[in-house]
Amino acid sequence: MIDQEILRLPKIKQMMGLLAGLAVLQALSIIGQAWFLSKVITNLWSGQSLPQQVIPLGIFFLSFLVRHGITWLKDKWLDQYAVTQAAFLRKSLLKKVFELGPQIVQQQGTGNVTTMTLDGVTQVENYIHLILSKVMNMMILPWLILLVIFYLDTTSGIILLIVFPLIIIFMIVLGYAAQAKADRQYKSFQFLSNHFIDSLRGIDTLKLFGLSRLYGKSIYKTSENFRKATMSTLKIAILSTFALDFFTTLSIAIVAVFLGLRLLNGGILLFPALTVLVLAPEYFLPVRDFANDYHATLDGKNAVSAIREILDQPTPVFEQKEIPTWSEKNTLKVNHLAVNYEEKEALKEIEFSVTGFKKIGIIGMSGSGKSTLINALSGFQSLEKGSLFLNDQQIPSFSQKDWQKQLLYIPQTPYVFQLSLRENIAFYTPNVTDEEILKAIEVVGLTSLVADLPEGLDTQIGNGSRPLSGGQAQRIALARAFLDKTRHILLFDEPTAHLDIETEVELKEKMLPLMDNHLVFFATHRLHWMRQMDEILVLEKGQIVEQGSFEELTARKGNFYNLTQQMRREEVV
């Protein structure tokens, strides 16, 4: 019933022990409430006056207050615990994603990871709060109540004891059906999240090729599949709730009929019969509460499993070596590098060397391994084999802190935080002055944007705030790179893939000067960038099939020349 992953949370044993103790106290207060309520009614029925019932009535109200006071206390403590653990889980998830790097986002899907971090953790928070309380109540309350019922009337105790396992079996059968439906619903939700995010990212390209309406229909179809999966899950939930209420009500009715007949025949006294009748609904209440909320916890359970799947992925641990700050005298050599991605060989026998500040173009068709090579250079992609040398010193991988702290990574769609423009540009260099920020803005061509903003540098941008175009987001990423003077290695992964050609050419004029005095690895499928590269690596099916300068490769009329013929739509400038 409780997912095993929940039992791995910090301080879970202490919380469960506390809940168990409170459940015992609550069971005693429920029994006391039923006992003294029946006592008062029986005494009044036998002719005693109402003033004589002050003590049993006082104990009844005290039991009532204790019962609901414990419920309030449990909810408060569980809220605090669930919020704390959800925050811990979100922090652990984000830390793991940063450790594993872009490859985990590519595997899981950007939309899935985003919704998992936001909505998924919230579902886990709700799951922790519900499941711990409901399961502990179901494990303790019915059995203590049943002991009292057996003490008062063995026949009623036997009836309730026989019915309880039947209800549990019925719940298990429906639970498996509901779990299967919920699993399909969660997968539909993951697919919808990824599909929607990917479509938004490529909306400019889709409109350019007249495919936006087609993808709009695709998103509608995906959302319809999610709606149908949700409705199918709700049908099972409603059916199981109705069936459980029906069977528990029927069981209580059977107990009431037997008690009534025995009361008429003098086979039982009023007090025990009335107490059993009051306790019978309480006996089934924890099961009904659990069943009613079971379906609400399924999404949380699936989210826990999905989050744990990422958290359990091993983080490669490599020997850390002292690496000097990159300069004109440094040399990097890569020999026989190979990378597997999703159990397939993504890169093989990659070999190249570079000295000092150079611009290295990485070009190839989609799927040739450009992004994988960038991920490998950043240290976020594990290497299957290969030897790496920095200044003739061999290093086990690019996952070296001294290497990674020298990197600046600019992807296709840089992230714009929901902060002010000033905070976004100075995100990695928070101590820079406004003069330095304005200089960076001028260099990357954001002056007109600042002039249009109502509050200038203090204007909130990102997410639900002031929207930005793809070109403006790229310029903000470049401004961050311009301000950071300590990092001399730039990694570009298709930075202009989603920009129109006019914006790209304009942005190119701003980007090229920023590449001076840096070691640059520039992965793209846009050929016009290659003229400005000092050296070009041509990738095909995960291998470097040709390398050299633009002039050399053009004159050779080999793989690079053939690639230019395949990309006729690209203009070489």
With a 3.5 Å distance limit and no angle check, can you tell me whether Arg531 reaches the backbone of Phe550 through a side-chain donor-acceptor pair? no
Donor-acceptor contact below 3.5 Å, side chain Gln406 vs main chain Pro324: yes
Interatomic distance, CG@Asn335 vs NZ@Lys385, rounded to 0.5 Å, equals 11.5 Å
Measuring from atom NE2 of His336 to atom CG of Leu383, what distance do you get when rounded to the nearest 0.5 angstrom? 14.0 Å
Steps toward side chain to side chain contact (heavy atoms under 4.5 Å, CB included) verdict (Phe560, Met530): CA-CA 10 Å; Phe560 181 72; Met530 295 302 105; 4.1 Å; yes
Walk me through whether Val124 and Ile128 qualify under side chain to side chain contact (heavy atoms under 4.5 Å, CB included). CA-CA 6 Å; Val124 173; Ile128 292 171; 3.9 Å; yes
Contact summary for Leu512 and Gln532, nearest pair of heavy atoms: CD1-CG, 3.5 Å
Run the salt-bridge test on Arg90 and Glu125 with the 4.0 Å N-O cut-off and return the result as yes or no. no
Just wondering, do Pro454 and Thr459 contact through their side chains at under 4.5 Å, heavy atoms? yes
Would the number of heavy atoms belonging to other residues, nucleotides or ligands and lying under 6.0 Å from CZ of Phe88 be above 12? no
Determine yes or no for a side-chain-to-main-chain donor-acceptor pair under 3.5 angstrom, with Glu345 supplying the side chain and Gly542 the backbone. no
Counting N and O atoms only, with roles assigned by atom type, does the side chain of Ser399 sit under 3.5 Å from a partner on the main chain of Gly379, one being a donor and the other an acceptor? yes
Whether the side chain of Glu384 engages the backbone of Ala338 through a donor-acceptor N/O pair (distance < 3.5 Å, no angle test) should be reported. no
Where Val538 and Leu553 come nearest, the two heavy atoms and their spacing: CG2-CD1, 4.1 Å
If you round to the nearest 0.5 Å, how far is CE of Met533 from CZ of Phe522? 5.5 Å
Whether the side chain of Lys485 engages the backbone of Phe482 through a donor-acceptor N/O pair (distance < 3.5 Å, no angle test) should be reported. yes
Do the side chains of Gln394 and Ser387 get nearer than 4.5 Å, heavy atoms only? yes
Determine, step by step, whether Leu539 and Ile363 satisfy the side chain to side chain contact (heavy atoms under 4.5 Å, CB included) criterion, reporting the C-alpha distance in whole Å, the side-chain angles of both residues, the deciding distance to 0.1 Å, and the verdict. CA-CA 6 Å; Leu539 288 182; Ile363 193 161; over 6 Å; no
So, do Ile410 and Gln474 sit near enough that their side-chain heavy atoms are less than 4.5 Å apart? yes
Is any side-chain heavy atom of Phe398 closer than 4.5 Å to a side-chain heavy atom of Val334? yes
Tell me if the CG atom of Asp392 is crowded by more than 12 foreign heavy atoms within 6.0 Å. no
Say whether, by atom type as modelled, one donor and one acceptor occur between the side chain of Asn330 and the main chain of Gly356 under 3.5 angstrom. no
Correct closest heavy-atom pair for Arg487 and Leu407 would be NH1-O, 2.9 Å
Less than 4.5 Å apart, any side-chain heavy atom of Val520 and any of Asp534? no
Using a 4.5 Å cut-off on heavy atoms from C-beta on, say whether the side chain of Trp403 contacts that of Leu390. yes
Tell me whether Glu442 is salt-bridged to Lys510, with the criterion being a basic N under 4.0 Å from an acidic carboxylate O. no
May I ask you to check whether Asn375 and Thr372 show a side-chain donor-acceptor distance below 3.5 Å? no
Minimum-distance pair of heavy atoms, taken over all atoms of His129 and Asp79: CD2-OD1, 3.2 Å
Which value, rounded to the nearest 0.5 Å, describes the distance between Leu478 atom CG and Arg480 atom CZ? 10.0 Å
Less than 3.5 Å apart, any donor N or O on the side chain of Thr433 or Glu436 sitting next to an acceptor on the other? yes
CD-CD1 distance between Gln400 and Ile323, expressed to the nearest 0.5 angstrom: 4.5 Å
Looking only at heavy atoms, what is the nearest atom pair of Ile441 and Thr447, with distance? CG2-N, 3.6 Å
Let me confirm one number: the CG-NZ distance from Leu519 to Lys359, rounded to the nearest 0.5 Å. 11.0 Å
Within the 4.5 Å heavy-atom criterion, are Arg422 and Asp458 side-chain neighbours or not? yes
Is any NZ, NE, NH1 or NH2 atom of the basic residue among Asp493 and Lys370 found under 4.0 Å from an Asp or Glu carboxylate oxygen of the other? no
Indicate the atoms forming the closest heavy-atom contact of Glu322 with Gln393, along with that distance. O-OE1, 3.5 Å
In terms of relative ring orientation, are His518 and Phe357 parallel, tilted or perpendicular, with 30° and 60° separating the classes? tilted
Is any side-chain heavy atom of Leu132 closer than 4.5 Å to a side-chain heavy atom of Met15? yes
Mark yes or no for whether Thr564, through its side chain, and Tyr561, through its backbone, hold a donor-acceptor pair below 3.5 Å. yes
Does Lys321 have more than 12 heavy atoms from other residues, nucleotides or ligands lying within 6.0 Å of its NZ? yes
Take Met511 and Phe492 through the side chain to side chain contact (heavy atoms under 4.5 Å, CB included) test and state the conclusion after the steps. CA-CA 11 Å; Met511 291 173 69; Phe492 292 87; 3.6 Å; yes
